[in-house]
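What follows is one structure encoded as structure tokens, with my remarks underneath.
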Amino acid sequence: MYNKILADMFNEIAAMLSLDDRPTARFEVRAYQKAAMTIGSMQEAIEDVYRKGGMAALLELPGIGKGIAGSIEEYIKTGKMEKYQYLKKMYPIDMKGLTGIQGLGARKAFALYKNLGVKDIPTLKKALAAHKIAKLEGFGEKSEEMIQKGLDLLERSAGRMLLGDALPVAEGIVQELKESGLVDDALVAGSARRMRETVGDLDILALSEKSDKVMKFFIGLSEIESIIAEGPTKTAVRLKIGLNCDLRVIPFENFAGAVQYFTGNKDHNVEVRKIAISKGYKLNEYGLFDKKGKIFPAKTEEDIYAKLGIQFMPPEMREARGEVKLAQQNLLKMPVELKDIKGDLHTHGLDNNNSTDSLEPMANAAMKIGLKYFASTNHTKSLRVENGMNDKQFEKFFIQIDKLNKKLDGKIRILKGAEVDILKDGSLDLEDKTLRSMDWVVGSVHSLFNMPEAEMTKRVVKAIESGLISTVGHPTGREMPARDAYKINLDKVYEAAESNNVALEINAQPRRLDLNDTNIMNASKYKIKFSLGSDAHRTPQFAYMRYGVGTARRGWLTKDRIINTMDLPSVLRYISK
DNA sequence: GCCGTTTTCGGCCCGACTGTTTTCAGTCG
């Protein structure tokens, strides 16, 4: 798969072009960055796109025109790219590595090369150690310090953090701001509000006229490790959890504009802003303005979208995946909401197990958050590390469920189920008879992740065709950050699921979120139902459902496609069919 | 270099903060 290689190359070309002083160069920079974004976020291998559809297929991709498509073709055919090599000869430095450092961009990197011979991270380290940078023209003590700090940061904490780890911290800070009495409103914006599975930083917006007091309060919070930048409208800090966090304090008249601006991803905002321009307005982070510069008095971001003639959509959809165009035509269907979820279709609950709570506390916790039912789906015998049960043990366990259901007296219903291992050959880890006695069976792959694609596909499809499973658990097997999805032909899985009336799971564990948003978009082209499961092993983990719902919303999934939006009688009818 | 129910040419989103300056360049989002 060349996607990452090519995306990196195009980003590096963009960095090198940003050193070019021709007036049109900065637009070329943007073009290359956009192409890198497109290719980097594609699911399908770019070389497959090319193999199947040739240049025409490449030109279909957003931000890819004749020039860049030509470079892609050249790279696929020859393994080289003339444009890249030409620029690399002019700027023989590790642009990707150096500009990966916070505060160090292409121009400064090149200045370091010209003056000090810095060409990569190791030579940069030497220059830092010799304190040569501060003496350069255009640099100073502070810039040297900043580069050193940026380098330390990079080495300490590479990359992004799971939404499930970051969002609760952000929401805690918002809570503290609200309780301070200094703000009239506050919220988490940015990629966390869009429920992206990982976030690179946090954006918090506060509505207040007392910016200096709010900033002072903010930098005193215990979550904060150090201050990166402090200004009247924006303060940037490093949090102890290893993530940067920006707080913006915004007065009332600009708040709606800021919420809109700091929620959508960059491309979404560009699309919306272009619509604003086409209607004679200007849209920026302060709000919507007419030609005379008069602000449109929006109370909420809904007002702004309405004024622009764009159907309002939830944050999760604002990713520039075609939502703006549809919303202009009022054709966007609203996705499922957390309150639509009536039950949980993947949970664990066992006595005498270190990593799992017992069934009764699990049932009480589920009841407390308002669920009407949940499927108890414990592991099966092949999964020894999780105390997987055999047929006999399930039989006994179900007697326990019957008793507990009686005791719960209809306040919540526990469905009998299992998360049955799909074994190497596609057979299932329990006897047919046992599986047939269950209400709800999740079939999951937990072993031999390195099978060839064809074999893995056959394995899962065979399980789907067994007629014994209700849904495929975490269908791609990925676990963030370390484990990639196993190789599997998902289209074949979707086809089999469609024709065998088997659902696909959206596993809501923050490190799984599997299927993910783009998988869901692809899968929902088929006539498939989806099941959401928290995969809770402990009582607080029922709350993971919100991440599953967020992922479903990012995949534009409507509630009628999701089994656990049904109430209990409907689910029981569905199951019996 | 890309793109088009305003255009196949002439546009391309926009502002905050910092550091090193004395009006601005670089970086970031």
Side-chain angles (χ1 to χ4, degrees), chain A residues 10 13-15 17-38 58-72 83 98-112 133-147 149-150 189-191 199-203 205 211 215 227-237 244-250 254 257-258 260-289 320 325 328-329:
Chain A
F10 288 142
I13 288 175
L17 281 173
S18 71
L19 300 167
D20 195 326
D21 286 322
R22 281 177 304 135
T24 57
R26 65 193 188 98
F27 299 111
E28 291 177 38
V29 169
R30 201 175 295 159
Y32 276 102
Q33 284 169 337
K34 189 163 188 216
M37 183 81 90
T38 296
L58 295 180
L59 290 169
E60 293 275 302
L61 300 168
I64 312 283
K66 274 190 189 150
I68 291 180
S71 292
I72 296 171
K83 172 117 191 167
L98 290 172
T99 57
I101 296 166
Q102 281 265 333
L104 187 59
R107 297 194 96 97
K108 280 189 176 170
F110 187 57
L112 291 177
I133 292 174
K135 295 179 195 94
L136 288 180
E137 195 189 329
F139 292 78
E141 288 293 339
K142 292 262 183 172
S143 359
E144 182 173 300
E145 203 178 299
M146 184 178 62
I147 292 169
K149 262 189 167 168
S191 52
V199 295
D201 60 17
L202 292 170
D203 290 292
L205 306 180
S211 128
M215 292 305 186
I227 298 162
I228 299 166
E230 195 183 353
T233 64
K234 175 190 159 183
T235 290
V237 300
N244 289 354
C245 175
D246 292 348
L247 172 69
R248 288 182 168 82
V249 179
I250 300 136
N254 306 117
Q260 193 280 326
Y261 182 88
F262 289 107
T263 296
N265 82 349
K266 202 172 154 164
D267 290 335
H268 172 91
N269 286 342
V270 169
E271 285 181 32
V272 174
R273 209 163 302 141
K274 281 181 180 163
I275 290 168
I277 293 168
S278 75
K279 299 196 179 237
Y281 301 115
K282 186 174 93 157
L283 182 64
N284 61 25
E285 64 192 86
Y286 296 102
L288 187 61
F289 298 85
K325 218 167 224 159
Q328 272 190 296
Q329 302 162 41

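Labels below follow one simple rule: chain letters A, B, ... track the order of the sequence lines, proteins then strands, and each chain is numbered from 1. None of these values were measured; they are calculated from a predicted model.
Around CD of A:Glu137, the count of heavy atoms belonging to other residues, nucleotides or ligands within 6.0 Å does not exceed 12.
When the C1' atom is used for both B:dT20 and B:dT27, the distance is 14 Å, rounded to whole Å. Distance check on atom C1': B:dG1 versus B:dT5 gives 24 Å, rounded to whole Å. Taking atom P on both B:dC13 and B:dC17, the two are 22 Å apart, rounded to the nearest angstrom. Nucleotides B:dC28 and B:dT23, compared at atom P, are 26 Å apart to the nearest Å. Across the C1' atoms, B:dG11 and B:dA16 are found 26 Å apart, a figure rounded to whole Å. Taking the P atom of each, B:dC14 and B:dC9 are spaced 25 Å apart, rounded to whole Å. Taking the C1' atoms as reference points, B:dG10 lies 25 Å from B:dG15, given to the whole Å. Nucleotides B:dT18 and B:dC12 have their P atoms positioned 29 Å apart, rounded to a whole Å.
Under the 4.5 Å side-chain criterion, counting only non-hydrogen atoms from C-beta, A:Val29 is not in contact with A:Asp20. Between A:Asp246 and A:Phe262, the closest side-chain pair of non-hydrogen atoms is not below 4.5 Å.
In this structure, A:Ile72 places its CD1 atom 9 Å from P of B:dC2, rounding to the nearest Å. Rounded to whole angstrom, the span from the CZ atom of A:Arg107 across to the P atom of B:dG19 amounts to 20 Å. When rounded to the nearest whole Å, the span between CG of A:Leu283 and C1' of B:dC14 equals 10 Å. Distance CD (A:Gln33) to C1' (B:dC3): 17 Å, rounded to an integer number of Å. The CG-C1' distance, from A:Leu19 to B:dA25, rounds to 13 Å in whole Å. We find that CG of A:Asp203 is positioned 8 Å from C1' of B:dG29, with the value rounded to whole Å. Put simply, CG on A:Leu288 is 17 Å from C1' on B:dG15, counting in whole angstrom units. Rounded to whole Å, the distance from CE on A:Met215 to C1' on B:dC17 is 12 Å.
Checked against B:dG15, B:dG19, B:dC13, the side chain of A:Lys266 finds its nearest nucleotide in B:dC13. Across B:dC12, B:dC13, B:dG26, the shortest atom-to-atom separation from the side chain of A:Lys108 is found for B:dG26. When distances are taken from the side chain of A:Glu285 to each of B:dG15, B:dC14, B:dG26, the shortest belongs to B:dG15. Distance from the side chain of A:Thr233 is smallest for B:dA16 among the nucleotides B:dC13, B:dA16, B:dC14. With distances taken from any side-chain atom of A:Tyr286 to the nucleotides B:dC13, B:dG15, B:dG1, the minimum falls on B:dG15. In this structure, the nucleotide among B:dG19, B:dT6, B:dC2 sitting nearest to the side chain of A:Ser278 is B:dT6. Nearest nucleotide to the side chain of A:Lys234, out of B:dC13, B:dG1, B:dC17: B:dC17.
By the 4.0 Å N-to-carboxylate-O rule, A:Asp21 lies close enough to A:Arg107 to be salt-bridged with it.
Checking the phosphate oxygens (OP1, OP2) of B:dC12, no side-chain nitrogen or oxygen of A:Arg30 falls inside 4.0 Å. Note on A:Asn284: a side-chain N or O is less than 4.0 Å away from OP1 or OP2 of B:dG15. The side chain of A:Ser143 contributes an N or O atom lying less than 4.0 Å from OP1 or OP2 of B:dT20.
Taking a pair to require two hydrogen-bonding distances under 3.5 Å in either a Watson-Crick or a G-U wobble arrangement, B:dC14 pairs with B:dG29.
At a threshold of 4.0 angstrom between heavy atoms, the contacts of A:Ile64 are confined to the sugar-phosphate backbone, with no base atom among them. In this structure, A:Tyr261 reaches the bases: a heavy-atom distance under 4.0 Å links it to at least one base atom across the strands shown. Residue A:Glu28 is in base contact, counting any heavy-atom pair closer than 4.0 Å across all strands shown. Among the atoms of the strands shown, none is found under 4.0 Å from any heavy atom of A:Ile228. Backbone-only contact: A:Lys83 has heavy atoms under 4.0 Å from sugar-phosphate atoms and none from a base. Among the protein residues, A:Ala35 comes within range of no part of the nucleic acid, since none of its heavy atoms lies under 4.0 Å from any strand.
Residues A:Ile68 and A:Ala106 each lie close to DNA chain B; by heavy-atom proximity, the contact nearer the 5' end of the strand is made by A:Ile68. If you find the closest nucleotide of DNA chain B to A:Lys142 and to A:Phe262, the one lying nearer the 5' end belongs to A:Lys142.
With hydrogens and angles disregarded, a donor-acceptor distance shorter than 3.5 Å links the side chain of A:Asn269 to the backbone of A:Tyr261. Remark: side-chain polar atoms of A:Ser211 are not paired, donor with acceptor, to backbone N or O of A:Val249 under 3.5 angstrom.
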